[in-house]
Amino acid sequence: MGGSSECTKSMPNKGFETSSLAHIRLIRDNLRGRYHDGFPIIKEVIQNADDAKDATVLHFGWCPGFSKDTHPLAHGPAMFFVNDGNFTERDEWAIRQMGLGYKAAEQTSVGKFGLGLKSIFHLCEAFFYLWSPPFKMKDTLISGSILNPWSGNDPRILKHASWDDVHESTLQAMQSFLSPLSLTDKWFCLWVPLRRKDTLENVAPI
């Protein structure tokens with residue numbers, strides 16, 4: 001009986017575990033291999049906007065950076081890409097996947113945001129994305145976040161963890177900079193801080 005009860009103890013069900021370094025390695029492999037020829041960033045961004053089922057306009061440009069009271073990655077120059085596609089919770093889930101969308105063949109406001117558009121990491125270590133808030137929130141909060149591939153829960157691999165903290169003031173500065181574009185009721189923006197040595201924190205870049 002004692003041996004039987006010992007054998008029937010429940011064990012936690014676990015699948016594969018991944019770390020931020022595994023994500024970084026995958027991005028590096030793709031940048032060096034599949035996406036090294038000509039840095040196809042502009043092509044991929046245009047293709048993404050074209051894939052989006054309801055986007056009709058694409059703006060892109062650059063910003064010299066903001067004051068020191070914003071996010072450290074926002075202090076220096078950045079490129080931005082804005083389309084007038086709608087952005088949903090499911091789109092946000094899709095943009096945070098490594099090469100996957102919630103339906104591989106379905107077109108969304110972010111288009112097919114897979115490993116192809118991750119070629120953007122030729123230029124940056126992490127990027128911001130902003131979108132028009134839901135109708136009931138138009139006069140309140142700005143919607144936005146950061147995609148930081150260095151982010152993770154493993155205490156042994158804490159690199160650039162401070163980048164995860166994005167204050168509303170940073171998002172407001174970005175949206176204010178974009179205001180001359182006369183954004184419509186729906187829009188989506190990729191904000192790409194160009195890689196700088198002073199933000200690497202002695203960590204080898206992607």
Side-chain angles (χ1 to χ4, degrees), residues 18-46 48 58-82 92 95-99 110 113 115-131 141-181 188-206:
T18 60
S19 72
S20 58
L21 294 186
H23 297 156
I24 296 298
R25 187 175 297 113
L26 179 57
I27 293 172
R28 281 175 175 161
D29 289 345
N30 277 273
L31 295 181
R32 292 168 178 166
R34 186 175 178 183
Y35 302 110
H36 74 283
D37 187 16
F39 285 18
I41 299 163
I42 301 297
K43 173 186 173 183
E44 293 291 347
V45 170
I46 293 174
N48 249 232
L58 173 64
H59 302 279
F60 57 91
W62 81 287
C63 171
F66 303 112
S67 64
K68 298 298 183 181
D69 59 346
T70 55
H71 192 283
L73 292 182
H75 296 167
M79 296 183 67
F80 63 82
F81 308 90
V82 184
E92 185 176 18
I95 204 174
R96 304 192 76 86
Q97 303 307 302
M98 184 62 74
V110 296
F113 195 101
L115 285 174
L117 194 52
K118 298 273 192 315
S119 64
I120 209 166
F121 288 111
H122 272 302
L123 300 178
C124 68
E125 294 295 300
F127 63 83
F128 301 92
Y129 57 99
L130 301 83
W131 66 96
L141 300 177
I142 297 173
S143 298
S145 188
I146 189 172
L147 183 58
N148 176 15
W150 295 97
S151 180
N153 296 322
D154 190 337
R156 299 167 299 177
I157 311 173
L158 287 179
K159 302 180 186 294
H160 307 310
S162 62
W163 293 354
D164 292 345
D165 190 12
V166 180
H167 294 290
E168 186 178 347
S169 60
T170 297
L171 302 177
Q172 287 176 333
M174 293 173 181
Q175 187 175 36
S176 177
F177 187 85
L178 297 173
S179 60
L181 299 179
F188 169 73
C189 172
L190 289 174
W191 189 279
V192 186
L194 301 182
R195 183 177 289 110
R196 295 180 294 128
K197 288 184 178 180
D198 61 329
T199 60
L200 293 179
E201 302 171 337
N202 296 317
V203 177
I206 294 176

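These numbers come from the heavy atoms of this one structure, side chains and all, not from hydrogens, waters or symmetry mates. The first residue of the sequence shown is numbered 1, and numbering continues consecutively from there.
The backbone N or O of S176 lies less than 3.5 Å from a partner atom in the side chain of S179, making a donor-acceptor pair.
The line from CG of D165 to OG1 of T170 is 9.0 Å long, rounded to the nearest 0.5 Å. The distance from atom CZ of F81 to atom SG of C189, rounded to the nearest 0.5 Å, is 9.5 Å. The distance from the CD1 atom of I206 to the NE2 atom of H23 is 12.0 Å, given to the nearest 0.5 Å. A distance of 9.5 Å separates CD1 of I24 from CG of L31, quoted to the nearest 0.5 Å. Atom CG of L21 and atom CH2 of W150 lie 6.5 Å apart (nearest 0.5 Å). Atom CZ of F121 is separated from atom CG of L147 by 5.0 Å, given to the nearest 0.5 angstrom.
Here the shortest heavy-atom pairing between F188 and Y129 reads CE1-CB, 4.0 Å. Nearest heavy-atom pair across S162 and E201 is OG-OE2, 4.0 Å.
Under the side chain to side chain donor-acceptor pair (under 3.5 Å) criterion, R196 pairs with D198, sequence neighbours left out.
In this structure the side chain of E92 reaches within 4.5 angstrom of the side chain of S145, judged on heavy atoms. Taking the side chain as every heavy atom from C-beta outward, H71 and P193 never approach each other to under 4.5 Å. You'll find the side chain of F60 stays beyond 4.5 Å of the side chain of L190, heavy atoms only. Between T70 and H75 there is a side-chain heavy-atom pair separated by less than 4.5 Å. M174 places a side-chain heavy atom less than 4.5 Å from the side chain of F66. Within the 4.5 Å cutoff, the side chain of L73 has heavy atoms near those of the W163 side chain.
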Point to revise | Residue pair W191, F177: steps toward the side-chain contact (heavy atoms from CB on, under 4.5 Å) verdict | key: CA-CA 11 Å; W191 189 279; F177 187 85; 3.9 Å; yes

Practice item. Start with the C-alpha gap between T199 and H160, add the side-chain angles, then the distance that decides, and say whether side-chain contact (heavy atoms from CB on, under 4.5 Å) holds. Key: CA-CA 9 Å; T199 60; H160 307 310; over 6 Å; no

